[in-house]
Amino acid sequence: MTSANTLLAELELIGRDPSTGGYHRPAWGAATLELREWFAGAAAARGLELSEDGNGNQFARWGSGPGALLIGSHLDSVPDGGPLDGPLGVTSAFAALDSLRADGFVPARPVVVANFSDEEGARFGVACLGSRLATGAITPASALALRDDTGTTLAEAMTQAGRDPRAAGPAAWLAEVSEFVELHVEQGRSLIHQDAAVGVASAIWPHGRWRLEVCGQGNHAGATLMADRHDPMLTYAATVLAARRVAIESGQRATFGKLAVHPGSTNSIPSRVDAWLDARAESEAELERLVAAILNQARRAADLDGTTVSLQPESITAGVTFDPGLRHRLATRLGAPLLPTGAGHDAGILSARMPTAMLFVRNPTGVSHAPSESAEPDDIDAGVAALALAIRELA
Ligand code: GLV
Ligand code: MN
Ligand code: MN
């Protein structure tokens, strides 16, 4: 029987940048391939049946027959991410199975541990690609044509990893699964305020990603009068400030976290700036209003600067209310508080196809998507105990 803390320690060096302590585990990169090997080894060590669908989602099955209970999460990370966003859910799933088996528990239906492929969307721009492809929320043609920053398509990346991209798309396993419970580190501080080690998710806010393109005129940084410039960086900067103001005024969230400046020269006025907006809101109508207001402000700035702007959606995810019966049952059984989240998850994508629930483990700082993301070892053990109890309750 292995604790989740011990299993997490096995992953400690995979994809870690020693200079920051953060993790770089992009989909289909060397680190995630190593993590897939680790997952296969964890399945083998427990005598679980290993499988992988055409989208790269990995499964380790305990028991046979229909109506499986799916647990698990993902092993990829955002650039310079923390150790827990994803891996906590996968390691806790194996640890929960271990503790149930040690207690002699035999499930009445199969329990399957999942490692969903490319949850973060850090490489190809669309989050939850593995679960979106499996559920048909994105077509294989549009997913496989997505490109990373070096121009490599998802199809090429899968081929390089020895997979056949023609197998991508709706997955047969969906018909054999009845529920999904994903355990995740909390990305916020609600559980601290509620003095609870574990919580149950109530909902996920609607969210999305948009690409802002600002075009101007490249020119000499020293020889061009300030009045003669058409600088897309200025338009971009004004848009970032406007996004912050609009989000604060409406109580929503807007972030520019990725930027590409062309040509990227210290002594040149840029000709173009590409930037990615991540926006999240409590309702779809609020999200639409938020993004429209940001675009409106970007256009006003562009008029002043003599530049042009466009804003293209790259992925939009509807809000999710987790299955009321399931979340109530788990919250009552675990004595755990219910909390909403602004973060996206595979459980949100799968909720369109089956009852899903999420367990959150307290995060002492609330920081996530950054190297300092953490959870206390005791809270991790409490999360595993909660997941084991949920499995007993459901399977
Ligand atoms: C995934 O963690 C997301 O919310 O972007
Ligand atoms: Mn994440
Ligand atoms: Mn995650």
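Residue indices begin at 1 and follow the sequence shown. Just so you know, ligand 1 is whichever comes first in the structure, and atom 1 is the first atom listed for that ligand.
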Consider every N or O of Asp278 and every N or O of ligand 1, then say whether any pair is closer than 3.5 Å.
->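 Asp278 vs ligand 1: no N/O contact under 3.5 Å.
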
Test applied, ring pair (Phe, Tyr, Trp, His ring centres under 6.0 Å); reference residue, Phe180; option that passes from Phe59, Phe116, Trp173 |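 For Phe180, the ring pair (Phe, Tyr, Trp, His ring centres under 6.0 Å) test succeeds with only one of Phe59, Phe116, Trp173, which is Phe116.
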
Could you tell me whether Arg253 sits above the aromatic face of Trp205, with NZ or CZ closer than 6.0 angstrom to the six-membered ring centre and within 45 degrees of the axis?
->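 So Arg253 does make the cation-pi contact.
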
Could Arg109 and Trp62 be counted as a cation-pi pair, given that NZ or CZ must be under 6.0 Å from the ring centre and within 45° of the axis?
->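 Relative to the ring axis of Trp62, which defines the angle, Arg109 lies outside at least one limit.
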
Report yes or no: does a heavy atom of His345 sit under 4.0 Å from some atom of ligand 1?
->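 His345 does not count as a contact of ligand 1 under the 4.0 Å cut-off.
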
Glu120: which N/O/S atom is nearest the Mn ion (ligand 2)?
->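 The atom in question is OE2.
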
Taking just the N, O or S atoms of His369, which one is nearest to the Mn ion (ligand 2)?
->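 Nearest to the Mn ion (ligand 2) within His369's N, O and S set: NE2.
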
Are [X] and [Y] within salt-bridge range, i.e. N to O under 4.0 Å?
X	Y	answer
Arg362	Glu376	no
Asp118	Arg123	no
Asp149	Lys258	yes

Out of Gly344, Gly121, Gly81, Ala127, indicate the one that has the non-hydrogen atom closest to atom 4 (O) of ligand 1.
->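 It is Gly344 whose heavy atom sits nearest to atom 4 (O) of ligand 1.
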
Please report which non-hydrogen protein atom sits nearest to atom 3 (C) of ligand 1, along with the residue it belongs to and the distance in Å to one decimal place.
->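 The closest one turns out to be Arg280 NH2, 3.4 Å.
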
Got the closest protein heavy atom to atom 1 (C) of ligand 1, with its distance?
->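 Answer for atom 1 (C) of ligand 1: Glu120 OE1, 3.3 Å.
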
Measure across Thr153 and Arg147 and return the closest heavy-atom pair with its distance rounded to 0.1 Å.
->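 So the minimum-distance heavy-atom pair works out to CG2-NH1, 3.5 Å.
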
Considering all heavy atoms, the nearest Ser73-Gly89 contact =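 Minimum heavy-atom contact is CB-CA, 3.8 Å.
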
If you measure from each non-hydrogen atom of His184 to ligand 1, which part falls under 4.0 Å: side chain, backbone, both or neither?
->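 Neither part.
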
Between His207 and ligand 1, find which residue part has any heavy-atom pair under 4.0 Å and reply side chain, backbone, both or neither.
->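 None of His207 does.
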
Considering just N/O/S atoms, say which atom of Asp85 is closest to the Mn ion (ligand 3).
->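 Within Asp85, restricted to N, O or S, the Mn ion (ligand 3) is closest to atom OD1.
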
Is a side-chain donor-acceptor pair under 3.5 Å present for Asp85 with His184?
->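 Indeed, the side chains of His184 and Asp85 share at least one donor-acceptor pair under 3.5 Å.
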
Kindly report the NE2-the Mn ion (ligand 3)-NE2 angle for His74 and His184 respectively, rounded to 10°.
->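 The two atoms form an angle at the metal of about 130°.
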
For ligand 1, which atoms have a heavy atom of Ala343 less than 4.0 angstrom away?
->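 Those qualifying, in numeric order: 4 (O).
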
The Mn ion (ligand 2) reached by His345 (N, O or S, under 2.8 Å) =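 It does not; every qualifying atom lies at 2.8 Å or beyond.
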
Contact flag Glu119/the Mn ion (ligand 2), N/O/S atoms, threshold under 2.8 Å |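 No - counting backbone and side chain alike, Glu119 has no N, O or S atom under 2.8 Å.
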
